[in-house]
Amino acid sequence: MNKRFFDIAINVSKQMSFAQKFMAIIAMLSIPLLFLLVVLLIDTNSSIQKTQKEIQGIQSLEMLISTIYRIQDFRDHAVLQEVNLDSELIKFISDEKHFISTQIEQLSNNLFHQQPASINIQTQIENIKFEWQLLNESQAVMRGGIESQFLHFDKVVLELQLLAKVITFESALIHDDSPINFYLINNFVNEAPKIYKNIGFLRAAGTYALSMPTVDSYTYHTLEKLAAQTEDNISLNNYSSSHIALYLNENSDIKGGMAELLNSAKKLLNYTYEQILDEPELLPNWKEYLEFYSNEIKKMREFDTLILKYVGVQLDNRSSEQKFKFAALVIVTLMLYLVIVYFVYGIYLQLKATLSNYSQKAMALAQGDLNTRINDMSKDEFGDLANTFNEMAEIISVNQSKLVEAEKVGSLSRMITGVAHEINTPLGIIISSYSLNKSAIENLNNLFTNEELDEDDLKEFIQSSQNTEVLIDKNLNKVVNLIETFKQVNSSLNVSPQKGVELLSLIEFAYLPIEESHKDIEFSINGTECEIDTDVNLLTQVISNIIENAIEHGLKDTANKQISITVNDSNEQVNLSIQDNGKGISEEEISKIFEPFYTTGRINGKVGLGMHIVYIIVSQSLNGTIKISSDLNKFTRLDITLPKHRDDCEEIDIDLDDFI
């Protein structure tokens, strides 16, 4: 299974380009990085949203707390209506009703405007409005003792404190991860309200008692019970404060606020004992008692403000840190991604440059530059490859020298064998003719010596001598032509290139003489004029030999004979194609077409060196390449590639008329 998987992976890799492979690597590195980034961003963003929700909770509590304080003050004053008909008190209660109604409505609007209120918050606000409406519309106070009076007016305060708990729960303030924030918010919604309620009850009950002519036993016992409850709550809050203090600095405002809260509560409790419960000789005025309590309660409430401010600052700092973390996470991830892309792309460029360099070196080696070596060695697998390449080039260079020497010997041997074969045939005929003629002369001499020579014998001898002379002359001419052809092979290696030869003009001068003698052939040239450094004589000979070979072999029995010559010019080389529409050449013949002494026209006296000379001139003298392609009964095309520039050119003006 694993082998099959790897085989599939290898096959897919083979079908991808070098650039595509590196793009795939970048993608594979990016996907897990992107996934990790998304997970971290979601987690960080969730923390930011949670903190923002807590900050909104603090803002809601800040709006809520003033309303609670207002109604607490109203409650403690309203309790006095049954026993105190002071005009200022009555006016204060009336004004507070109107003000509190406006404040509750504003609180409702602010909470709805600040954030989409949940069902619980909406329900709680409706409960607050309902309880306040009942309280506001009641024309008379509730009949009963001080406890009943206080609880009657305390309902709205309880609903507001319950709203505070709902806000802290839904905004997750009550579940904050910071221990100090958790303890402070818990103290704000659970512990402190108990002290405020007891202290408020003491304020209302004490003022209630002092508003009557005498303090009755019921009110007195109620105050005693409230004082005991207050003392218990102070102790509990003192215990809770000790836990909070563990997370605070010694000079923290919160510590000071907690101490002030407890000190004020104790001070008020002691004041109640001293002024009422210890039964002093002279009781204080109800206004003095109420004012003393109100002043100390204001000091106690500063602790709530400190709590909300402290937690708000902590949350703001946390939000800033989270946003910074979020931004830093994005920036670091992007930088890491860019580093990965830069690193991978750098490797890609390095590998691409290295492979391109190696490819160029290999191409130079393939084109015959045996001195080619790779110099930029690295300490990796490419360095090993470079060492192997250099060792291979050295071996090829050594073997090439041996092959060149062997090829020279082989070529010389094949040439000698071919020359011997080509010359032996006419020389054999000449020698045989000479022997026959010698025998005929000896026979004629014998007849003459023996006086047996007659006219018929003389005529026969003359006829035989004439036939022998023709045969010898014909074969001697053939030997001379062979020697001239062999001279062409040698002269093709003598190169005198000229600079800036106009190629199209040279081609035209090469085929024009042939066109004059072959009117039945349509010649055409395609391409733009370009200049090339070359030997005019040798290139003209190449073009002429190819055209004549096409006429002799390809177009012999073809109607509508056509020869087209095409020139394609590039930066460093010129491509020259010569094509006919003749009978074509078989694959077997193509493989032998450039071999010396190969010809299909030997019966017509052809030697088979024409295309061999063309090959030698192009590949060795003109530093080019030549290849042949053909399709039977359709075409034969020879494609020649030549360098545009040579360093061994003569700086002379060219007049093609001098070379044609």
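Counting from 1, the numbers follow the sequence of the chain as shown.
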Exercise for the section: Determine whether more than 12 heavy atoms belonging to other residues, nucleotides or ligands lie under 6.0 Å from atom CE of Met212. Expected result: yes

Exercise for the section: Using the test side-chain contact (heavy atoms from CB on, under 4.5 Å), find all partners of Val330 that sit at least two apart in sequence or belong to another chain. Expected result: Leu41, Phe326, Leu334

Fill in the blank from the handout: Heavy atoms of Ala265 and Ile234 approach each other most closely as CB-CD1, 3.6 Å

Exercise for the section: Check whether any side-chain heavy atom of Asp304 sits under 4.5 Å from a side-chain heavy atom of Leu308, and report yes or no. Expected result: no

Handout entry: No-hydrogen, no-angle side-chain donor-acceptor test under 3.5 Å, Thr272 and Tyr293
Key = yes

Completion exercise
Between Ala78 and Ile93, the two heavy atoms sitting closest are CA-CD1, 3.7 Å

Practice task
Decide, yes or no, whether a salt bridge links Glu302 with Lys298 under the criterion of side-chain N to carboxylate O below 4.0 Å.
Solution key: no

Handout entry: Test item: side-chain donor near acceptor, Ser178 and Gln314, under 3.5 Å
Key = no

Practice task
Start with the C-alpha distance between Asp216 and Thr219, add both sets of side-chain angles, then the distance that settles side-chain hydrogen bond (donor to acceptor under 3.5 Å, both in side chains), and finish with yes or no.
Solution key: CA-CA 6 Å; Asp216 59 36; Thr219 305; 2.6 Å; yes

Handout entry: Carboxylate-amine/guanidinium proximity below 4.0 Å for Asp176 and Arg318
Key = yes

Problem - Backbone of Val157 reached by a side-chain donor or acceptor of Asp154 within 3.5 Å - result: no

Problem - Thr44 side chain to Gln322 side chain, donor-acceptor N/O pair below 3.5 angstrom - result: no

Handout entry: Atom of Lys50, atom of His175 and distance for their closest heavy-atom approach
Key = NZ-O, 4.3 Å

Practice task
Output, in order, the C-alpha distance, side-chain angles, deciding distance and verdict of side chain to side chain contact (heavy atoms under 4.5 Å, CB included) for Lys165 and Phe169.
Solution key: CA-CA 6 Å; Lys165 290 184 178 181; Phe169 179 80; over 6 Å; no

Completion exercise
Residues at least two apart in sequence or cross-chain that pass side-chain contact (heavy atoms from CB on, under 4.5 Å) with Phe92, listed by chain then number, are His77, Glu96

Fill in the blank from the handout: Smallest heavy-atom separation, Leu223 atom then Ala209 atom, equals CD1-CB, 4.3 Å

Handout entry: Expected output: side-chain Asn136 to main-chain Trp132 donor-acceptor under 3.5 Å
Key = no

Handout entry: Donor on one side chain, acceptor on other, Glu54 and Ser171, under 3.5 Å
Key = no

Exercise for the section: May I ask you to test the Thr207-Asp76 pair for a side-chain heavy-atom distance under 4.5 Å? Expected result: no

Problem - Side-chain donor-acceptor contact under 3.5 Å, Asn575 with Asn568 - result: no

Fill in the blank from the handout: Exactly one of Arg301, Arg203, Lys197 clears side chain to side chain donor-acceptor pair (under 3.5 Å) with Gln72, and that residue is Arg301

Practice task
Would you kindly say whether Thr123 and Asn120 are connected by a side-chain donor-acceptor distance under 3.5 Å?
Solution key: no

Practice task
For Lys129, look at atom NZ and say whether over 12 heavy atoms of other residues, nucleotides or ligands are found less than 6.0 Å away.
Solution key: yes

Handout entry: Over all atoms of both residues, closest heavy-atom pair of Phe303 and Gly257
Key = CD1-C, 3.4 Å

Handout entry: Approximate separation, where rounding is to 0.5 Å, of Asn317 CG and Thr51 OG1
Key = 11.0 Å

Practice task
Check whether more than 12 heavy atoms from other residues, nucleotides or ligands sit under 6.0 Å from atom CD of Glu291, and answer yes or no.
Solution key: no

Exercise for the section: May I ask you to check whether over 12 heavy atoms, not counting those of Tyr273, lie within 6.0 Å of atom OH? Expected result: yes

Practice task
Using atom types as modelled and distance alone, determine if a side-chain donor or acceptor of Ser94 lies under 3.5 Å from a backbone N or O of Ile90.
Solution key: no

Exercise for the section: Classify the angle between the aromatic ring planes of Tyr69 and Tyr196 as parallel (below 30°), tilted (30 to 60°) or perpendicular (above 60°). Expected result: perpendicular

Problem - Pairwise distance NZ(Lys267) to OH(Tyr271) - rounded to 0.5 angstrom - result: 10.5 Å

Problem - Phe182: partners by side-chain contact (heavy atoms from CB on, under 4.5 Å), with sequence neighbours left out - result: none

Problem - Stepwise side chain to side chain contact (heavy atoms under 4.5 Å, CB included) test for Gln49 and Asn45 - result: CA-CA 6 Å; Gln49 295 299 322; Asn45 187 63; 3.7 Å; yes

Exercise for the section: For Tyr218, look at atom OH and say whether over 12 heavy atoms of other residues, nucleotides or ligands are found less than 6.0 Å away. Expected result: yes

Problem - Residue Lys309 excluded, over 12 heavy atoms near NZ under 6.0 Å - result: no

Fill in the blank from the handout: Heavy atoms of Ile58 and Gly312 approach each other most closely as CG2-CA, 4.3 Å

Problem - Ser66 side chain vs Glu62 backbone, donor-acceptor pair below 3.5 Å - result: no

